[in-house]
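Input: a single structure, listed below in structure tokens.
To find a chain, count down the sequence lines: A is the first, B the second, and so on, and within it residues start at 1. The structure displayed is predicted, hence computed values, not measured ones. Reckoned from all heavy atoms, side chains included, excluding hydrogens, waters and symmetry mates.
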Amino acid sequence: MSDESLPHRILACVESIPRGRVMSYGDIAEYCGANTPRLVGRVLSLDGGTVPWHRVVRSDGSLATHKSDRQRELLEAEGVRFRRERVDMRACRWDGAQS
DNA sequence: ATGTTGACACCGG
DNA sequence: TCCGGTGCCAACA
């Protein structure tokens, strides 16, 4: 399964997130076999923006630290439901296999 | 090898 | 629900 390197796997996973859906750093880490969610954030920062990074949020639904404004904008544009400053995980969480 | 840093997660108050 | 401290693991100087 891991014909690709871990960083590449993570990016592929993020790309697989459907429009209007989100995944937490921890979920992606587990799904891709990363030992720590911090690694996911690192990969995304290095990548720069060739993947829909805005669809990756914290496990509690809060947004990333520096780009939170931008991120919320993009997510709302995709129809993601917000509750104050947090994503409605209950409705938008994507596990990578859900229908 | 050791200490610092970070696009995180979890727990207690 | 909000805030702060603690635990994690990998990358870097």
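Residue contacts for A:S45: at a heavy-atom cut-off of 4.0 Å it reaches a base atom on one of the strands shown. Among the heavy atoms of the strands, none lies under 4.0 Å from A:R83.
Panel note: side chain A:Y31, backbone A:C13; no donor-acceptor pair is recorded below 3.5 Å.
The CG-C1' distance, from A:D69 to B:dA7, rounds to 13 Å in whole Å. The distance from atom CE of A:M89 to atom P of C:dT1 is 14 Å, rounded to the nearest whole Å. In this structure, CG of A:L44 is placed 17 Å from P of B:dG6, rounded to the nearest angstrom. In this structure, A:E30 atom CD and C:dC8 atom C1' are separated by 14 Å, rounded to whole Å. Distance CG (A:L39) to P (C:dC12): 11 Å, rounded to an integer number of Å. Between the P atom of C:dC3 and the CZ atom of A:R58 lies a distance of 13 Å, rounded to the nearest Å. With rounding to whole Å, A:R42 atom CZ is found 9 Å from B:dA7 atom P. Look at NE2 on A:H54: it is 14 Å from C1' on B:dA7, rounded to the nearest Å.
Using a 4.5 Å cut-off between side-chain heavy atoms of Ile, Leu, Val, Met, Phe, Trp and Tyr, with links allowed through other members, A:L6 and A:V14 fall into the same hydrophobic cluster. Following chains of ILVMFWY side-chain contacts shorter than 4.5 Å, one cannot reach A:V57 starting from A:M23, and the two form parts of different hydrophobic clusters. There is no path of hydrophobic side-chain contacts, each under 4.5 Å, that joins A:I17 to A:V87.
Comparing C:dA10, C:dC2, B:dA7 by their closest approach to the side chain of A:R86 singles out C:dC2. For A:T65, counting side-chain heavy atoms from C-beta on, the closest listed nucleotide (B:dC10, C:dC2, B:dA7) is B:dA7. Listed nucleotides: C:dA10, C:dC2, B:dA7. Nearest to the side chain of A:R84: C:dC2.
Contact annotation: the side chain of A:D88 never approaches that of A:F82 to less than 4.5 Å [non-hydrogen atoms, C-beta and beyond].
Phosphate contact (OP1/OP2 of C:dA10, side-chain N/O of A:T36, threshold under 4.0 Å): absent. The side chain of A:N35 places an N or O atom within less than 4.0 Å of a non-bridging phosphate oxygen (OP1 or OP2) of C:dA10.
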